[in-house]
Amino acid sequence: MEISNKKLSNDSFFAEREKVLNQWKTGKEVDFKSSVEHQKSIPAEKRFGLKLADAATKGLTLIQPRAGVALYEEHINLLKYLENEGEADLLPTTVDSYTRLNRYNEAEEGINKSKETGRSMLNGFPIVNYGVDICRKVTSALKKPLQVRHGTPDARLLTEISIAGGFTSYEGGGISYNIPYSKNHSIEQTISHWQYTDRLIGMYEEAGVSINREPFGPLTGTLISPCLSGSVAIIEALLAAEQGVKDITVGYGQCGNLIQDVAAIKSLESLTRMYLDKFGYTDVRVTTVFHQWMGGFPQDESKAFGVISWGAAVAVLAKATKVIVKTPHEAMGVPTKEANAAGLLATKQLVSMLRDQDLRTIPAVIAESEIIGEEVKCILNKVEELGKGDIAVGTVAAFEAGVIDIPFAPSKYNAGKVMPARDKMGAVRLIDTGNLPFTPEIKNFHRGKLEERAVQEKRPVSIQMVIDDVYAIGKGFLVGHPGKR
Amino acid sequence: MEISNKKLSNDSFFAEREKVLNQWKTGKEVDFKSSVEHQKSIPAEKRFGLKLADAATKGLTLIQPRAGVALYEEHINLLKYLENEGEADLLPTTVDSYTRLNRYNEAEEGINKSKETGRSMLNGFPIVNYGVDICRKVTSALKKPLQVRHGTPDARLLTEISIAGGFTSYEGGGISYNIPYSKNHSIEQTISHWQYTDRLIGMYEEAGVSINREPFGPLTGTLISPCLSGSVAIIEALLAAEQGVKDITVGYGQCGNLIQDVAAIKSLESLTRMYLDKFGYTDVRVTTVFHQWMGGFPQDESKAFGVISWGAAVAVLAKATKVIVKTPHEAMGVPTKEANAAGLLATKQLVSMLRDQDLRTIPAVIAESEIIGEEVKCILNKVEELGKGDIAVGTVAAFEAGVIDIPFAPSKYNAGKVMPARDKMGAVRLIDTGNLPFTPEIKNFHRGKLEERAVQEKRPVSIQMVIDDVYAIGKGFLVGHPGKR
Amino acid sequence: MKNKKSNNDSITIVTGVIGSDVHAVGNKILTFKLEEAGFNVINLGVMVDQEEYIDAALETNADAIMVSSLYGHGEIDCRGLREKCDEAGLTDIPLIVGGNLVVGKQNFEDVEKRFIDMGFTKVYPPGSDIEEGIEYLKDLLKVQKS
Amino acid sequence: MKNKKSNNDSITIVTGVIGSDVHAVGNKILTFKLEEAGFNVINLGVMVDQEEYIDAALETNADAIMVSSLYGHGEIDCRGLREKCDEAGLTDIPLIVGGNLVVGKQNFEDVEKRFIDMGFTKVYPPGSDIEEGIEYLKDLLKVQKS
Ligand code: B12
Ligand code: B12
């Protein structure tokens with residue numbers, strides 16, 4: 001498979017399209033023209049990108065849950081509940097795992113079993129199986145803008161049906177919906193799949209319909225250094241922009257150290273802007289999303305509220321455009337609508353209460369964002385170099401070479417040499433930088449931070465720290481100090 | 001009534017003591033010697049001061065609820081629940097309002113009515129009515145250190161019974177348990193009452209039993225500028241130290257702006273240390289307590305979790321020695337034990353998770369604490385001057401002159417001229433400094449901050465801002481911007 | 001009971017926090033908002049005895065008494081107020097009560113019923129918006145709304 | 001079933017995350033901890049089919065299979081595993097399962113029963129400490145504890 005970061009030609013796009021729309025019976029319902037019409041009939045206050053732009057102007061942080069169940073009437077009720085009782089500003093439709101893996105037969109079975117048992121047997125809403133009309137029923141039934149959230153390596157058909165179905169924002173990307181969500185998809189393959197998605201959205205854009213696109217920031221959600229998530233987000237933004245996407249929300253999953261988290265959002269925003277401009281995509285709009293703690297959650301619901309609220313606070317102190325909200329059921333399973341609303345309300349309280357505060361200008365944050373900036377530049381320079389100027393080609397090579405390398409990823413196309421651990425203040429650093437193309441200064445910086453911790457803990461820097469850190473949060477701590485009470 | 005900041009003589013103390021112990025029948029059970037014996041039998045891990053000192057050394061923030069019910073078996077069960085299920089580090093016994101006003105007959109009626117109805121008809125635990133033996137039953141039944149928390153202008157008998165009853169810490173002070181809690185007690189009177197309390201604790205100290213003392217930091221809990229709560233805390237620390245108290249925890253109620261809140265705890269600690277040293281009380285130990293949001297709470301329990309968690313986060317980022325925890329029932333009424341434990345667990349999560357982070361050294365915090373320091377010095381210099389070197393005399397005069405002036409206080413001995421309001425970032429400033437003895441620079445600083453807000457809100461600085469700010473939190477906001485969604 | 005009035009200005013309301021309750025903030029806001037709405041407010045502040053409300057109402061020929069209770073002892077403190085009003089000749093005076101009237105989080109319908117049975121005209125749950133109370137007063141006292 | 005062994009070193013455990021589940025973090029930690037405890041671990045990683053577990057167990061003469069399922073479809077994915085083991089001749093092999101086995105927060109006793117009925121030897125609730133699982137394995141396989 002050969003890819004390059006070039007806008008897909010109409011010929012190749014439409015050839016591919018024919019096959020895509022034949023992947024499942026509902027594909028035939030999709031008609032671009034009438035979908036554009038439908039999208040144009042959606043009122044402004046329900047357009048995702050407009051709502052984000054408005055929030056960005058006002059300096060507000062919007063709140064958005066994750067949610068999806070197998071049966072569509074229940075899905076509508078769930079989302080209504082979240083916008084009314086949960087005070088959500090933005091709505092999701094989280095897609096089930098079978099759909100994510102294009103296993104539409106199993107999803108169909110899941111729908112049927114759910115009907116029989118009266119319990120949702122799917123962990124999300126099977127958009128493809130339902131098709132365009134039912135999606136329009138869903139998106140029309142609600143007052144707030146809706147986004148599709150999933151984790152689908154090959155999301156081409158899903159994109160077709162989603163946008164035709166009236167969703168105005170779409171999450172994912174060729175890297176971020178591959179590396180954490182798949183074992184066997186190559187990067188070429190998924191980048192190519194997502195060029196299709198982005199080109200489709202580019203075509204809506206050209207037809208006068210702007211759809212918001214959001215690379216999935218948190219990746220595996222576990223000890224992801226901001227430079228790694230940042231590099232991936234910027235690459236996906238560039239790839240999307242090339243296909244004609246004009247509205248991009250870059251994301252980051254909370255790591256837990258306040259200074260680092262604020263710096264991560266701050267630098268993510270400025271670096272994305274910088275790179276888009278550098279490659280000439282100056283008309284692409286950039287907003288940011290902060291994901292509340294994406295790793296293992298405490299079992300106790302009150303403790304979970306603590307984690308949720310802390311994420312809410314950091315999101316607003318970092319002035320993220322929106323925050324994705326966890327629920328007090330997170331450690332247990334897909335939340336009930338009440339638990340989902342509870343997470344939203346705790347978050348709403350803090351995004352309102354702290355809206356006039358901003359930590360982006362404190363010196364420690366500025367220093368930390370400069371470090372992130374340098375790290376990202378090292379990585380992206382190397383990606384450009386490997387691709388001889390072509391970001392798509394460079395990305396494939398970069399993963400092969402471990403120049404981009406995501407901790408804890410299931411994908412066999414990920415090198416898995418990079419090892420993260422927390423420094424003594426809880427910021428995520430790298431114990432092993434693997435083949436990341438860092439300068440000696442940056443490597444020393446990471447090493448130094450971890451040596452500080454080692455001294456404090458009276459043990460050498462080692463893999464045991466990584467294990468302790470992953471384990472720590474289940475016990476309530478960020479840093480896995482040995483022998484903590 | 002004549003008072004002065006001099007250690008009470010044995011003669012006058014014991015003369016007073018006879019009367020005090022006759023205020024209610026249980027007073028006769030108090031015997032100093034056997035109480036010292038009893039106190040000495042309490043194991044080290046149950047002594048409040050030792051636990052605080054240990055936390056201070058380790059840089060930890062301990063968590064403590066408020067709790068008290070009318071019937072003592074239920075009170076024991078409640079506290080057991082909070083230490084086991086709620087993971088409380090320190091325990092309270094919150095005293096009911098009748099006891100606080102020395103209305104022991106009504107408290108007795110409350111106990112009886114509670115027995116009859118099976119519901120607690122008192123808003124706290126009536127220590128005096130129960131007497132020494134039942135208090136010892138309570139304090140012996142638990143594993144964690146216990147403190148009496150109340151709001152009693154004349155707490156002399158309550159102190160006698162509490163300490164004889166095995167409590168190892170005692171909250172309150174002649175100002176902080178008068179101004180917010182009383183209408184008609186003069187400052188002379190309550191300072192004198194609290195000299196008795198402090199002298200009694202000094203005598204225990206001299207007998208080898210150290211009892212922790214804690215001035216009540218938050219005062220009326222509503223828009224109290226750190227310089228006001230700080231000045232009162234320092235005065236009460238000095239008055240207590242003079243009577244022989246050796247272990248003091250100074251407190252502050254969260255105002256809501258992160259920078260100001262961290263600075264308030266930071267400066268409170270250093271200023272208290274400085275003033276104690278200045279007056280020669282160099283052997284008095286100082287720790288700090290941060291009170292989660294003391295003003296009106298949101299009705300919704302999830303939103304309340306947001307407020308609670310934010311308080312927890314700020315307490316640990318400020319490195320307060322302990323944090324007093326609110327509950328999701330706060331807006332409704334005295335919490336159930338489950339609600340109380342829920343607040344504790346959310347708080348525990350964050351004091352654990354954020355223990356390795358510290359915001360005390362960031363420049364904005366340092367700048368803000370310097371301002372608080374200057375304000376406190378203005379006030380305390382004037383107090384000294386008015387008292388011709390005697391802090392007790394000076395304090396009485398200062399209240400009379402409005403040199404100390406607490407917003408929203410019910411006391412008729414409080415001038416009530418000072419008017420607080422939030423600046424545009426939510427920090428509490430003064431719209432009217434009344435007769436506070438501030439320099440022109442400080443007055444300009446406050447004015448300037450409020451003018452900034454006025455410009456942002458396109459309205460003049462006015463009393464309407466104060467009203468809007470008190471109202472705001474009920475609607476989820478800190479700053480009462482006009483016409484907020 | 002006095003004749004209906006056509007203008008808030010001449011409507012007199014007695015406010016105060018009953019019993020041993022010192023919660024002053026809500027009382028200050030309540031008073032401010034009532035005055036803003038044009039009422040003539042006699043604010044007795046905190047720690048107000050039943051007798052003080054009655055004396056003030058008699059003295060000022062008040063149109064209503066607004067009782068606040070926050071600290072949980074409201075049920076004990078409010079009992080008998082209606083009877084004392086009756087004895088003093090304030091037979092029809094509206095008694096409006098609000099705040100955190102009982103100890104703990106209880107079902108409001110039950111609480112409301114207890115207070116209505118005690119002779120209160122209208123009962124407000126914790127954290128009620130004052131605007132609501134003001135609207136009610138205006139309706140009750142047939143004040144022309146602006 | 002193989003004979004009891006006296007030393008963890010020769011005890012072989014097959015681990016993996018079943019079905020279309022990609023939750024990799026717990027699997028990595030589980031494997032690390034089992035190895036640390038001295039077991040010989042055959043880790044199949046994520047997205048493991050029932051057949052893959054069985055092939056691996058046959059190939060390595062394994063003493064137990066530890067199945068993880070996090071994403072909620074565990075009930076569907078695990079059905080039939082015991083029967084397939086029986087068919088392949090792994091008649092007594094312990095099947096231990098843990099993770100977030102079903103969709104949503106459900107009563108664990110019910111979930112446990114459903115999985116026991118499906119032929120699983122032992123079922124762990126969400127967020128179980130791996131140490132517990134290791135102790136159980138040691139007892140089950142009569143490993144001398146250190
Ligand atoms: C990180 C995470 C992700 C990452 C995973 C990255 C990766 N590739 O590993 C991402 C973001 C990609 C992700 C995706 C999805 N996730 Co997810 N995820 C989580 C989360 C937050 C943490 C999981 C984790 O790493 N924990 C830390 C490790 C150390 O713990 P652990 O996995 O629980 O395993 C420990 C124990 O359970 C035990 N254990 C595990 N297995 C076994 C087996 C035995 C025999 C024993 C004894 C013990 C044992 O030991 C392990 C080590 O301590 C959980 C919620 C949680 N637990 O807090 C949700 C969660 C598991 N995810 C969930 C879902 C639904 C999904 C998605 C379908 C959709 C979504 N919400 O995005 C997709 C699924 C994709 C797929 N096909 O699998 C749900 C499952 C719901 C349910 N069961 O009802 C959860 C519970 C969140 C929720 N409440 O909704 N997720
Ligand atoms: C600040 C506060 C204090 C301060 C008060 C300072 C002062 N002197 O004013 C301090 C710290 C001193 C204090 C002390 C105590 N408090 Co206090 N306090 C609060 C708190 C947090 C906020 C009250 C407040 O100022 N709210 C803001 C104002 C604007 O709102 P408001 O008072 O509710 O009034 C508004 C509405 O209710 C309504 N309203 C009020 N009255 C009326 C009447 C009518 C007719 C109408 C229409 C409307 C109306 O309009 C008002 C303005 O918007 C509340 C909990 C809460 N509400 O969040 C607890 C709370 C009221 N306190 C409580 C208690 C128990 C006490 C103490 C006994 C013990 C303690 N926990 O320390 C002592 C009591 C001392 C005494 N003798 O009264 C309990 C009462 C419990 C119950 N009813 O079951 C509460 C509910 C906290 C709790 N959940 O435990 N408290």
Side-chain angles (χ1 to χ4, degrees), chain B residues 69-70 96-103 106 109-110 113-114 119-124 151 153 178-184 220-223 295-301 327-336 339 406-412 414 416 463-464 466-468 470-471 474-475, chain C residues 15-37 43-50 52 68-80 98-108 110-111 114 124-134:
Chain B
V69 288
D96 69 287
S97 286
Y98 290 131
T99 302
R100 294 168 185 222
L101 292 154
N102 316 94
R103 302 195 182 176
E106 278 157 276
E109 209 179 298
K113 282 233 171 94
S114 305
R119 285 191 283 137
S120 180
M121 298 290 285
L122 293 178
N123 56 13
N178 174 347
I179 298 300
Y181 284 100
S182 168
K183 190 174 175 178
N184 295 319
T220 58
T222 307
L223 298 174
F297 243 69
Q299 300 279 318
D300 177 82
E301 294 191 20
T327 85
H329 282 185
E330 177 63 17
M332 303 305 296
V334 172
T336 58
I406 309 302
F408 300 104
S411 169
K412 68 180 189 201
N414 185 67
I463 177 87
Q464 191 63 46
V466 187
I467 303 289
D468 289 345
V470 174
Y471 237 61
K475 299 183 182 151
Chain C
T15 59
V17 188
I18 200 165
S20 312
D21 193 336
V22 298
H23 289 91
V25 183
N27 169 262
K28 288 190 189 199
I29 303 281
L30 190 74
T31 302
F32 184 90
K33 291 274 180 179
L34 284 170
E35 281 173 350
E36 204 183 38
N43 180 20
L44 305 174
V46 301
M47 300 188 87
V48 180
D49 288 338
Q50 295 192 350
E52 290 177 68
S68 295
S69 175
L70 279 300
Y71 72 155
H73 294 182
E75 203 175 332
I76 305 183
D77 294 335
C78 287
R79 192 160 289 146
N100 301 61
L101 298 175
V102 292
V103 176
K105 183 172 181 171
Q106 300 183 26
N107 184 312
F108 181 67
D110 299 347
V111 174
R114 294 212 284 279
Y124 284 92
S128 297
D129 228 326
I130 292 179
E131 274 78 20
E132 257 187 78
I134 290 176

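What you see is a predicted model; the values in this text were computed from it and never measured. All chains are named by letter (A, B, ...) in the order of the sequence lines, taking the proteins before the strands, and each is independently numbered beginning at 1.
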Open item on the list: Tell me the closest heavy-atom pair linking C/A24 and B/A409, and the distance in Å.
Closed with: CB-C, 4.5 Å
Open item on the list: Please rank B/T222, B/V470, B/I467 by heavy-atom pairs under 4.5 Å with chain C and give me the top one.
Closed with: B/I467
TODO: Tell me, for C/K28 versus chain B, whether the close heavy atoms (under 4.5 Å) come from the side chain, the backbone, both or neither.
DONE: side chain
Open item on the list: Please rank B/G333, B/G110, B/A331 by heavy-atom pairs under 4.5 Å with chain C and give me the top one.
Closed with: B/G333
- [ ] Give the intermediate values and the outcome of side chain to side chain contact (heavy atoms under 4.5 Å, CB included) for residues C/Q106 and B/M332.
- [x] CA-CA 8 Å; C/Q106 300 183 26; B/M332 303 305 296; over 6 Å; no
Open item on the list: Return the NZ to CG distance between B/K183 and C/L44, rounded to the nearest 0.5 Å.
Closed with: 7.0 Å
Task: Contacting moiety of B/A339, where chain C heavy atoms sit under 4.5 Å - done: neither
- [ ] Determine the minimum heavy-atom distance between C/S20 and B/R103, stating which atoms define it.
- [x] OG-NH1, 3.0 Å
Task: Residues which pass side-chain hydrogen bond (donor to acceptor under 3.5 Å, both in side chains) with B/D300, listed by chain and number, not counting sequence neighbours - done: none
Open item on the list: I want to check something: taking the side chain as every heavy atom from C-beta on, are B/S97 and C/H73 in contact at a cut-off of under 4.5 Å?
Closed with: yes
- [ ] Tell me, for B/R119 versus chain C, whether the close heavy atoms (under 4.5 Å) come from the side chain, the backbone, both or neither.
- [x] side chain
Open item on the list: Apply side-chain hydrogen bond (donor to acceptor under 3.5 Å, both in side chains) to residues B/D96 and C/Y71 and explain how you reach the verdict.
Closed with: CA-CA 10 Å; B/D96 69 287; C/Y71 72 155; over 6 Å; no
TODO: Please name the pair of heavy atoms, one in C/P126 and one in B/Q299, separated by the smallest distance, quoted to 0.1 Å.
DONE: O-NE2, 3.3 Å
TODO: Not counting sequence neighbours, which residues clear ring pair (Phe, Tyr, Trp, His ring centres under 6.0 Å) with B/Y181? List them please.
DONE: B/Y177, B/F216
Open item on the list: With heavy-atom distances below 4.5 Å as the criterion, would you say the side chains of C/E36 and B/Q464 are in contact?
Closed with: yes
TODO: Identify the two heavy atoms, one from C/V103 and one from B/L122, that lie closest to each other, and give their separation to 0.1 Å.
DONE: CG1-O, 4.0 Å
Task: Interface moiety of C/I76 toward chain B, non-hydrogen atoms closer than 4.5 Å - done: side chain
Open item on the list: What part of B/Y98 gets within 4.5 angstrom of chain C, counting heavy atoms only: side chain, backbone, both, or neither?
Closed with: both
Open item on the list: Using side chain to side chain contact (heavy atoms under 4.5 Å, CB included), reason through B/K113 and C/E75 one step at a time and then give a plain yes or no.
Closed with: CA-CA 12 Å; B/K113 282 233 171 94; C/E75 203 175 332; over 6 Å; no
Open item on the list: I'd like to verify something: which residue of C/G72, C/G104, C/G19 has the highest number of heavy-atom pairs under 4.5 Å with chain B?
Closed with: C/G104
Open item on the list: Would you say that B/F408 contacts C/N27 through its side chain, given a criterion of any heavy-atom pair below 4.5 Å between the two side chains?
Closed with: no
